[in-house]
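In what follows, chains carry the letters A, B, and so on, assigned in the order in which the sequence lines appear, proteins first and then strands, with residues in each chain numbered from 1.
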There are 2 protein chains.
Amino acid sequence: MQTSHEQFRDLAWKSGLAATHQRQVIYEAVMAAPGHYSPEQIYAAVRRQTPSISLATIYNNLRLFVEHGLLREVSPRTSTLLVEGNLEPHHHLVCTRCKAVQDIEGDFINYKKLSRQAPRGFDLTQPLVEVFGLCRRCSAEK
Amino acid sequence: MQTSHEQFRDLAWKSGLAATHQRQVIYEAVMAAPGHYSPEQIYAAVRRQTPSISLATIYNNLRLFVEHGLLREVSPRTSTLLVEGNLEPHHHLVCTRCKAVQDIEGDFINYKKLSRQAPRGFDLTQPLVEVFGLCRRCSAEK
DNA sequence: TTCTTGGATGAGAATCATTATAATCCAGGA
DNA sequence: TCCTGGATTATAATGATTCTCATCCAAGAA
């Protein structure tokens, strides 16, 4: 059985990333337990083992890990607030790379299955969804 | 037929909001054409008619309009980046009010219908979705 | 093993979006 | 028309994230 150090070195090598000590501990902090973590949370956890680490290093490497598919961004966020006047129920297609948002029509959600899976008390009246993918330009550039 | 001014005064009255000149022009700027608009874009458009308006007023009123259902927020955004190590395809349930994110299992997407609706060139390999609603706590507080 | 070098890191400044503050201002009821 | 509480303005403050640049180190070469 591989140690977690070896696992990371392996992944880093496959992604063409240098296996630095900082990257190791950041990666292990995220993988230690399932969950959604913010840069500040990871910073706090990692500093216990590596007090000299910089917050900028956390940000740099999280971005790198997400780009290389070692981690997933929980909720691809546009840089600014966006509002729309179209109140008709409709969905959005979001490019995970450039964050562009376009409307998408159509009924592709099985509401019965969805509400069966939702936790008790979660209000799904008018469930709107965002579908993630790569827009034409970004998928061409890749 | 109602003028757009009358339409807004009507909506404002129904929502219990004072119908100020600023609110009028902000609302009309968003409704002028279908699309997704940022506060800065709206600010730029509105300043042409009302040069003295403040950016803070744009932000205040967009938030107010969204809260009262006159406008919709395109993409409810968490305040900070969140990453996860779980790379298995799974979806997220997001509270539009407090922005809390939880995992949701299950296969409630009709991928065939979805890809039929997506524009040409949009890469939907591994389509992940976020479903919006109100978490138990927020739907109780409402 | 040591050497070399380009990429990685650390500290803090800078930037960007958004919110808070406090002094006017005005919509709408009396 | 007059009052009053909420709305607006200008600007400062905040919080998240990125940038800058001097220093450091991982990893291939010798």
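Atom OH in Tyr43(B) sits about 14 Å away from atom P in dT18(C), given to the nearest Å. dC25(D) atom C1' lies 15 Å from atom CD of Gln24(A), rounded to whole Å. Spacing between atom CG of Asn61(B) and atom P of dT18(C) amounts to 15 Å, rounded to whole angstrom units. In this structure, the CD1 atom of Ile53(A) is 10 Å from the P atom of dA11(C), given to the nearest Å. Here dT9(C) presents its P atom at 17 Å from CZ of Arg47(A), a figure rounded to the nearest Å. Between Leu62(A) atom CG and dT9(C) atom C1' there is a gap of 15 Å when expressed in whole angstrom units. Distance, Arg23(A) CZ to dC24(D) P: 18 Å, rounded to whole Å. Nucleotide dA8(C) holds its P atom 16 Å from the CD1 atom of Ile58(A), rounded to whole Å.
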Using atom names, set out every protein N or O paired with an N or O of nucleotides 27-30 of chain C below 3.5 Å, distance rounded to 0.1 Å.
from	atom 1	to	atom 2	distance (Å)
dG28(C)	OP1	Ala19(B)	N	3.1
dG28(C)	OP2	Arg9(B)	NH2	3.2

With the criterion being N/O to N/O and under 3.5 Å, what pairs connect the protein with nucleotides 12-17 of chain C, and how long is each?
none

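Applying the 4.0 Å criterion to OP1 and OP2 of dG7(C), one finds that Asn60(A) has every side-chain N and O outside that range. Phosphate contact (OP1/OP2 of dT9(D), side-chain N/O of Ser52(B), threshold under 4.0 Å): present.
The shortest side-chain heavy-atom distance between Phe108(A) and Arg116(B) does not fall under the 4.5 Å cut-off.
Of all heavy-atom pairs between Gln102(A) and Pro119(B), the closest is OE1-CG, 3.5 Å. Of all the heavy atoms in Gln117(A) and Glu105(B), the pair that sits closest is CG-O, 3.3 Å. Nearest heavy-atom pair across Val74(A) and Val83(B) is CG2-C, 3.8 Å.
Residue pairs meeting the salt bridge (Lys or Arg N to Asp or Glu O under 4.0 Å) criterion with at least one partner in residues 13-25 of chain B, sequence neighbours excluded, are Asp10(B)-Lys14(B).
Checked against dT18(D), dG10(C), dT9(D), the side chain of Arg63(A) finds its nearest nucleotide in dT18(D).
Taking the ring centre of Tyr59(B) as origin, the terminal cationic atom of Arg63(B) falls outside the region bounded by 6.0 Å and 45° from the ring axis.
Mapped onto DNA chain D by nearest heavy atom, Thr50(B) and Leu55(A) fall at different nucleotides, with Thr50(B) at the one closer to the 5' end.
The side-chain hydrogen bond (donor to acceptor under 3.5 Å, both in side chains) test with Thr50(A) singles out one residue from His21(A), Gln24(A), Gln22(A), and that residue is His21(A).
Of the possible donor and acceptor atoms, one in the side chain of His91(A) sits under 3.5 Å from a partner among the backbone N and O of Val129(A).
Glu84(B) and His36(A) are linked by a side-chain donor-acceptor pair at a separation below 3.5 angstrom, with hydrogens and angles left out of the test.
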